[in-house]
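One structure is given here, and the rest of the page talks about it.
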Amino acid sequence: MSKVRVRFAPSPTGGLHLGGVRTVLFNYLFAKKQDGSFIVRVEDTDQSRYVEGAEKYIFDCLAWCGIAADESVIAGGPYAPYRQSERKDLYRQYAEKLVQDGNAYYAFDTPEEIETMREFLKTTGSGSLQYDHNSRSRMNNSLRLLPEETQALLNSGTPHVIRIKVNANETVQFTDMIRGDITVDTNNVDDKVLLKADGMPTYHLAVVVDDYLMKITHAFRGEEWVPSAPIHILLWKYLFGLHNMPHWAHLPLILKPDGNGKLSKRDGDRLGFPVYAMDWTDPKTGDTTKGFKELGFLPEAFLNMLAMLGWNPGTEQEIFSMDELIQSFSMDRVHTSGAKFDFEKAKWFNHEWIKKLSASTLAPLVTNTLAQKNLQITDNDYLVKVVDLVKERCTLLTDFYEQAGYFFKAPLTLDEAAVKPKWTTEKNNFFEEFIIRIVAAENFDSAAIETIFKELATEKNIKPGELQLPMRIMLVGAKFGPGVFDIATTIGKEQTIARIKTALEIFK
RNA sequence: GCCGCGUUGGUCAAGGGGUUAAGACGCUUCCCUUUCACGGAAGAGUCACGGGUUCGAUUCCCGUACGUGGUACCA
C-alpha cells in the first residue's frame, strides 16, 4: 500500500477559523497515525480575495498548535511549488486536454449573458437555473458554435473560460469515509467553470490536478464540499482515472451556539468568544479579531476541545494529549452531523489542561501573560511556586494576573467592606501582637504561622475563623486565593508584616 | 425554488431491535473549606413527528417536519 499523504489547503483570505483548525487537526492525526505525510498547500487562485499577510498568519497558527507540515510553502518538498498561484501554467494543459477529449468546452459568455439566461430560465419555471446540459445549448460556447466560429473567437483573443461538460442522465457515485456511499444524478450538476478568463484554475480543477500531482491518498475537507464532489469525481474519471482518486471524507460543520448556521467570525464578536486561532488584524480595515491564543488558551486545550467536536473515541476519556489523539483517532468515528460550538466547554478544557500541566511548564507562559500586564517576572523559581499554588483557580492563562498578581506586589485596594463592619479593637490588638510574635519566630513556614496565629487567637479569646478573613484581605486584598498561611509563607515574613501594618491603618 | 447531507437532554455525546438510554459541559442542592477554587455526593433534564417491518422499535424502512450545506469566472 502506498504511503498515506494528506493535505490541508487553505486560502489566504483572512483569519484561521475554528473549523479550519479542526480540518488541519483531523488531517494531521490521520496522517501521523498511519505514519504518513501532512502537506499544506496554499490555494490562492482567487486574486480578488487575496489578503496580505494571511498566509504567514496561517502558518503562525499551525506553529502555535504544534503542527508542522512535512511539505509546504515553508518546508518545501518534492512537489513544490506548494502555492497554486505559482503553479498557474500547469492547470491550463489539463483543461485543454479535457476540451480535446470532449469532456470540457470553451465558453465565451459574459456575466450579463449568463444573468439573462437565468432570468429566462426563471420564466420557464424550470427548477434549475444552472449553466448545464440543458441551458448550454443556448449559450455562446464551443459546443454550440461551429468549429470555425470558436477558432475565430479564440484567435481574436475573446475572453473565455473552460467549463466541464457534465452529461445528462448519469449518476456519479462515491464513497465517503464518514458518510458512506453518496449518489448524485448528473442532471443536477452544472457545467462548472474549470479555468477562469484570467487563466487561473478554479478550486475544482486545481484540487484535482494538485491532489493527483502531489499523490494525495486521502482528501479531507469540510462538509460544504459535498455538493461539488461530483465535479471532482468526474474530473478524476476524465483526467487521471478513478483508481488513482484519493479517499474522501467530508467533515461535519461547526455551528453557531445559538441560532442556526455555520459558525462565523461575526458570531464570535456578537456572543463574546473567539473564532480564530490567533489574533487576526485585517490589513485593510485595521480591525483586530480576538484569537484563542491571546485570550489565554493553551494550544493543548484548544486542539483537545476541537478534536472532541465532531469526533469521539467511544470511551469516557475526554482529555487527550496530541500523542493520545494520534493513537485513538479514526475517521470512522467522526460524526455525520454538525456540532454547535460551546465556549463554556472550551474553557473547561483549558481549565483541565492548566491543572494537568506542571507549574514549571506553565511558568514561561504565565511570565508572558503577566508581562503583557506590565508585571515583569525576575525570579522563576518563585513564579513556579506561585503558579503551583494558584493554577487550579485559573481557567485561562490570563486569569493568572488576578490570581497571582498579589504575590508580586501588595494589593492596591482592600475589600474593606468585608472587614470593617465586624472590626474591633480586640482584633486590632490581635494583629499588632501577631506581628510581634512572628517577628520573634524562628520558622516562617505555613504550619508555624498557623500555630502562632491559633495560639494567639485562643489567648485573646477570639475564634480563629473570625480573624482569617481579615488576614486574607490584608494579604490578598480580596476574598479569594489559596490558604492564608500558604500565602504568608510564600510572600515572606517582611511582606506579610508590611501588608498587615498597612491594612491596620486602613481598618482603624 | 432545486439538489445534497443530517436529526439521542440546553450543549457535546455513548449506545444501537428487548438497557434503570453511559459520560462530560452548564444548571440546582449538599459536603469539604469561616475565602475563591479543587475535590466529593446528589438532583432536574432526552431518543423530532407519523406510518410501516417485527413478538418487540430510540435503534431497520418509508414519509413529514425541522436543521444545515450547495446552487459564483469564492474557496
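So you know, we letter chains A, B, ... as the sequences are listed, proteins then strands, and number each from 1.
Across all strands, A:D109 comes closer than 4.0 Å to base atoms (heavy-atom distances). Contact annotation for A:H250: no contact, since no heavy-atom pair falls under 4.0 Å across all strands.
A donor and an acceptor atom never sit less than 3.5 Å apart when one is taken from the side chain of A:K192 and the other from the base of B:A72. For A:R179 and B:C5, a side-chain-to-base donor-acceptor distance below 3.5 Å is absent, hydrogens and geometry of angles not being considered.
Within a heavy-atom distance below 4.0 Å of RNA chain B, the residues of residues 479-486 of chain A found are A:K479, A:F480, A:G481, A:P482, A:G483. Taking a 4.0 Å limit (strictly below) on heavy-atom distances, residues 404-418 of chain A does not reach RNA chain B anywhere.
Nucleotides B:C25 and B:G39 are separated by 9 Å at their P atoms, to the nearest Å. For B:G18 and B:U58, the P atoms lie 11 Å apart once the distance is rounded to whole Å. A gap of 15 Å separates the C1' atoms of B:A44 and B:C30, to the nearest Å. Straight-line distance between the P atoms of B:C5 and B:U20: roughly 36 Å, to the nearest whole Å. For B:A14 and B:U8, the P atoms lie 10 Å apart once the distance is rounded to whole Å. B:A21 and B:G9 are spaced 11 Å apart, taking the C1' atom of each and rounding to whole Å.
Panel note: side chain A:R499, backbone A:V476; no donor-acceptor pair is recorded below 3.5 Å.
Cation-pi geometry between A:R41 and A:F8 is not met at under 6.0 angstrom from the ring centre and within 45 degrees of the axis.
As a whole-Å value, the separation of A:Q173 CD from B:C3 C1' is 17 Å. If you take CD of A:E318 and C1' of B:C12, they are 8 Å apart, rounded to a whole angstrom. Rounded to an integer number of Å, the gap from NE2 of A:H232 to P of B:G4 is 17 Å.
Between A:F341 and A:F273, the ring centre distance stays below 6.0 Å. Residues A:W311 and A:F320 bring their aromatic ring centres within 6.0 Å.
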Quiz: residues 387-395 of chain A side-chain donor-acceptor pairs under 3.5 angstrom, not counting sequence neighbours:
from   : atom 1 : to     : atom 2 : distance (Å)
A:K391 : NZ     : A:K355 : O      : 2.7
A:K391 : NZ     : A:L357 : O      : 2.8
A:R393 : NH1    : A:G481 : O      : 3.3

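When only modelled atom types and interatomic distance are considered, A:H250 and A:R221 share a side-chain donor-acceptor pair under 3.5 Å. Between the side chains of A:Y106 and A:E96, at least one donor N or O lies within less than 3.5 Å of an accepting N or O.
Relative to the side chain of A:K345, the nucleotides B:U7, B:A75, B:A24 differ in distance, and B:A24 lies closest.
Both A:E316 and A:Q468 sit near RNA chain B, but only A:E316 has its closest nucleotide nearer the 5' end. Comparing A:H351 and A:T183 against RNA chain B, the residue whose closest nucleotide sits nearer the 5' end is A:T183.
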Test side-chain contact (heavy atoms from CB on, under 4.5 Å) applied to A:V334 and A:F26, step by step:
CA-CA 9 Å; A:V334 174; A:F26 286 6; 4.1 Å; yes
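The heavy-atom pair separating A:H204 from A:L235 by the smallest distance is O-CD2, 3.5 Å.
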